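Sequence lines set the chain letters: A, B, ... in the order given, protein chains first and strands last, and positions in each chain run from 1. Owing to the predicted nature of the structure, the values given are computational and were not obtained by experimental measurement.
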Amino acid sequence: MTIGKSLPSVRSASAGRAGGVPPSAPPPRDRAVSRRAAGGRRAEQLAPFVLVAPAVLILVLLRLWPLLLGVNFSFTGDGDRDGAMVGFANYVDLLHDPLFQQALRNVGLLVLLLPVAVAIPGLLATFIYLRVPGHRFYRSVYFFPAVLSPVIVGAIFNLLLSFDGPVNVVLSSVGIGPVDWLGDPDVAMFAVVGVHVWATFGMALVVFLAGFATLDAALLDAARVDGASLAQVIWHVIIPSLSRTIQFVFVTTMIGMLTSMFGLLYVMTSGGPEGSTYLPEYYIWIQQGQMNRPALASAASTVLFVIMLVVGLLQLKLLRRAGRED
Amino acid sequence: MSRVRLGRWLLVIPMGLLAVATIYPLLFTANVAMKTRREYILDRFSLADSLRFENISTAWTSIGMGRYTANSILVVGCSVFLLLLFGSMAGFALSQLRFRGSTALFIGCLAALFIPFQVIMVPLARVMADSGLVDTYPGLILAYVAQFLPFTVFLMTSYYKTIPAEIVDAARIDGNTVYGVYRRIMLPLGAPALLSVGILNTLFCWNDVLISLLLMPSADHRTLMVGVTSLRGQYSEDIPTFASGVLIAAIPVLAVYLFLQRQIADGVAAGSTKG
């Protein structure tokens with residue numbers, strides 16, 4: 001079996017095991033041990049399988065199986081056509097549903113805003129790495145919203161951004177008319193994305209700082225000695241050396257935007273006003289939970305999965321090309 | 001050189017403002033929770049005139065935040081225990097034992113990491129309904145374990161790979177079974193990783209709303225985060241009580257953050273650098 005052959009590369013350290021004795025048969029030291037070893041040998045050989053069994057069982061039954069079931073499900077009907085194969089009917093319905101179209105447009109908006117959402121923590125991490133006065137303090141303060149649930153964050157900003165809420169009170173005191181942050185279809189999505197960025201930039205910041213820890217300080221010193229400006233240092237030294245980290249943050253930020261804004265949407269706007277803040281994940285929830293159309297929801301799930309795959313692969317490709325040009 | 005110094009000090013202003021913007025919303029909420037309704041309507045920003053805990057006790061008892069908190073503690077506690085148990089068992093086997101299919105298994109786990117919950121939630125709800133697990137504690141616990149297990153196995157495997165094989169060999173020569181090695185060597189040696197993975201999983205499960213909303217429909221079984229979402233409609237007029245409910249839900253996470261900040265940040269960093 002090919003899997004069996006590829007094993008040594010996984011545990012290359014096993015080559016150094018004492019005298020090359022197979023792990024299932026430790027050298028017996030006396031009769032009692034040897035008898036026990038012989039009796040327990042079968043159990044010992046099964047041990048690795050027993051150890052992984054709970055994890056494998058749970059993952060197969062509750063992740064892999066539903067994934068297959070869901071794809072299959074998306075080709076069946078809802079309501080009185082439950083279980084009957086309907087081909088691509090659900091996908092056609094999806095594309096004609098104005099709410100789903102809005103959800104896809106909002107995904108496009110997220111992709112456009114992605115560079116901003118990555119640049120903010122990237123810049124802040126750079127400043128902290130360059131030891132701005134008080135960098136330790138900033139590091140721990142900025143990370144703090146990242147541990148709060150989107151539900152709590154959403155509830156707090158519901159309070160702050162409500163029409164007669166404190167943000168508008170402050171704005172009107174400097175003469176800016178009240179903004180209906182969560183009630184104006186042109187503004188609401190930006191408000192929600194802004195809150196999402198507020199809540200998650202600390203997470204990306206920590207990832208960036210972990211990347212900086214691997215950066216060669218001599219390179220920075222050399223650039224400094226050559227009289228490079230901060231912008232030049234960022235562009236010519238930091239970005240190329242951290243390309244792997246930047247790539248990782250791009251992908252995880254996009255995944256975060258596509259899969260962890262449900263709590264915010266649910267609490268802040270419920271998809272409104274006029275459906276302007278729908279995202280695919282919220283659409284799936286509504287179709288499954290409120291509209292009782294699980295097959296349509298499954299089709300939307302499959303589309304979301306494909307979007308995530310495409311976005312992930314595209315970003316990897318773009319970033320790799322950018323890296324090569326440097 | 002002095003220009004660089006000056007530049008650094010200029011950065012302090014925007015970074016300081018951002019720090020204020022990061023903390024202020026929660027401080028504002030805490031302040032509102034101490035106010036009376038009248039006080040809030042008259043002036044949103046003034047400090048509450050005294051430390052008043054009436055709103056908080058109203059939220060705790062009559063809205064049922066106490067009940068929801070107990071539900072959350074039960075579900076999160078069981079989920080994290082099972083995650084650490086199964087995750088460390090599988091991590092030990094995948095990193096230190098050679099067996100047929102271990103590579104494929106590890107790759108499978110990595111792949112499962114990239115299946116978001118939204119993609120499987122519809123069929124999962126049906127599988128749970130078919131097995132009678134909807135609206136039960138075991139159902140929600142199983143769903144959490146399934147959701148966060150790939151991440152846990154991945155991090156535990158990476159951590160256990162750093163433990164030299166000689167330690168395992170020595171323990172086996174001393175007559176330990178594989179299970180003995182797991183219990184006496186791997187669990188104690190894995191403590192730092194178990195701690196940081198455990199904290200992260202606690203946060204993930206505690207903060208979840210979608211899974212809980214999907215699998216625990218009845219009001220009696222609500223977890224704390226679902227409880228917070230239910231505040232919105234009922235208490236949109238009574239802002240101080242609303243703020244109290246939010247504060248109750250935020251305090252445990254705040255406490256964890258204040259004491260275990262290092263471990264949380266290290267866990268996130270480990271997840272990124274090993275990826």
Side-chain angles (χ1 to χ4, degrees), chain A residues 3-4 6-7 10-11 13-14 16-18 26 33 40 44 47-48 51-52 54-55 58-59 62-63 66-67 69-70 73 127 132-133 138 140-145 147-149 151-152 155-156 159-160 166 169 203 206-207 210 248 259 262-263 266-267 281 284 288 294 297-298 301 304-305, chain B residues 8 11-12 15 19 22-23 25 29 44-45 86 89-90 92-93 97-105 112 115-116 118-120 122-124 127 142 145-146 149 153 165 169 172-173 175 177-179 203 207 209-210 225 228-229 232 243 246 249-250 253 257 261 264-265 268-269 272-273 275:
Chain A
I3 293 169
S6 67
L7 276 179
V10 183
R11 281 291 297 112
S14 61
R17 275 174 199 274
V33 171
E44 287 283 284
L51 286 171
V52 295
I58 288 174
L59 289 181
L62 296 178
R63 280 184 87 80
L67 184 69
L69 209 60
F73 214 41
F127 297 152
V132 163
Y138 295 130
S140 60
V141 168
Y142 291 163
F143 186 63
F144 150 72
V147 300
L148 287 177
S149 168
V151 169
I152 296 178
I156 290 176
L159 200 64
L160 293 174
V169 169
M203 199 65 107
V206 168
V207 174
F248 181 82
T259 63
F262 175 82
Y266 186 74
V267 174
E281 56 170 333
I284 296 167
Q288 146 81 16
S298 285
S301 291
L304 175 62
F305 193 45
Chain B
R8 278 189 189 180
L11 277 176
V12 170
M15 291 187 79
T22 310
I23 314 180
T29 309
R44 285 161 176 73
F45 299 99
F86 297 159
M89 282 163 59
F92 166 43
L97 306 172
R98 303 172 59 195
F99 64 96
R100 183 165 282 188
S102 58
T103 321
L105 256 178
I115 305 175
Q118 286 84 350
V119 168
I120 59 162
V122 178
L124 182 73
V127 168
L142 266 179
V145 173
L149 198 55
V153 170
D169 290 335
R172 309 262 334 204
I173 290 166
T177 62
V178 173
Y179 306 110
L203 284 176
N207 288 344
V209 64
L210 180 56
M225 292 309 135
V228 172
T229 67
R232 184 172 163 241
V246 174
V253 177
Y257 183 69
Q261 206 192 109
I264 298 172
V268 172
S272 71
T273 48

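Side-chain contact between B:Ile23 and A:Val141: present, with at least one pair of heavy atoms (C-beta onward) separated by less than 4.5 Å. Side-chain contact between B:Thr22 and A:Tyr138 is absent, with no heavy atoms from C-beta onward closer than 4.5 Å.
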Start with the C-alpha gap between B:Met225 and A:Ile152, add the side-chain angles, then the distance that decides, and say whether side-chain contact (heavy atoms from CB on, under 4.5 Å) holds. CA-CA 8 Å; B:Met225 292 309 135; A:Ile152 296 178; 3.9 Å; yes
Go through the steps to decide whether A:Val267 and B:Val228 satisfy the test side-chain contact (heavy atoms from CB on, under 4.5 Å), and finish with yes or no. CA-CA 9 Å; A:Val267 174; B:Val228 172; 6.0 Å; no
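The CD atom of B:Gln261 sits 8.5 Å away from the CZ atom of A:Phe143 when rounded to the nearest 0.5 Å. Here the straight-line distance linking atom CG of B:Leu210 with atom CZ of A:Phe262 works out to 5.0 Å at 0.5 Å rounding. Between the CG atom of B:Leu149 and the CG atom of A:Leu62 there is a distance of 10.0 Å, given to the nearest 0.5 Å. The CG atom of A:Leu59 sits 8.5 Å away from the CD1 atom of B:Ile115 when rounded to the nearest 0.5 Å. The CD1 atom of B:Ile120 lies 11.5 Å from the CD1 atom of A:Ile284; values are rounded to the nearest 0.5 Å. If you take OG1 on B:Thr29 and CG on A:Leu160, they are separated by 6.0 Å, rounding to the nearest 0.5 Å.
Contacts between B:Leu142 and chain A at a heavy-atom distance below 4.5 Å involve backbone atoms as well as side-chain atoms. Only the side chain of B:Val127 comes within less than 4.5 Å of a heavy atom of chain A; its backbone N, CA, C and O stay farther away.
Taking both residues in full, the closest heavy atoms of B:Tyr179 and A:Ala47 are given as OH-CA, 3.3 Å, listed atom of the first, atom of the second, then distance. Scanning both residues, B:Met15 and A:Tyr142, for their nearest heavy atoms gives O-OH, 2.6 Å. When all heavy atoms of B:Val122 and A:Ser301 are compared, the closest pair comes out as CG2-OG, 4.5 Å.
For chain A, the option among B:Val153, B:Leu105, B:Val145 with the highest count of heavy-atom pairs below 4.5 Å is B:Leu105. Contacts with chain B were tallied for A:Pro133, A:Ala297, A:Pro294, A:Gly263; A:Pro133 has the most, counting heavy-atom pairs under 4.5 Å. Taking B:Ala250, B:Pro123, B:Pro116 one by one and counting their heavy-atom pairs under 4.5 Å with chain A, the maximum is reached by B:Pro123. Highest contact tally toward chain B, considering only A:Ala55, A:Pro166, A:Ala155, is held by A:Pro166 [criterion: heavy-atom pairs under 4.5 Å]. Listed options A:Leu304, A:Val132, A:Ile156 were ranked by heavy-atom pairs under 4.5 angstrom with chain B; first place goes to A:Ile156. Ranked by heavy-atom pairs under 4.5 Å with chain A, the first of B:Ala112, B:Ala243, B:Pro25 is B:Pro25. Top candidate by heavy-atom pairs under 4.5 Å with chain B, chosen from A:Ile58, A:Val147, A:Leu69, A:Val206, is A:Val147.
In terms of modelled atom types and a separation under 3.5 Å, the side chain of B:Tyr257 and the main chain of A:Pro145 share no donor-acceptor contact.
With sequence neighbours excluded, the residues satisfying side chain to side chain donor-acceptor pair (under 3.5 Å) with A:Glu281 are B:Gln118.
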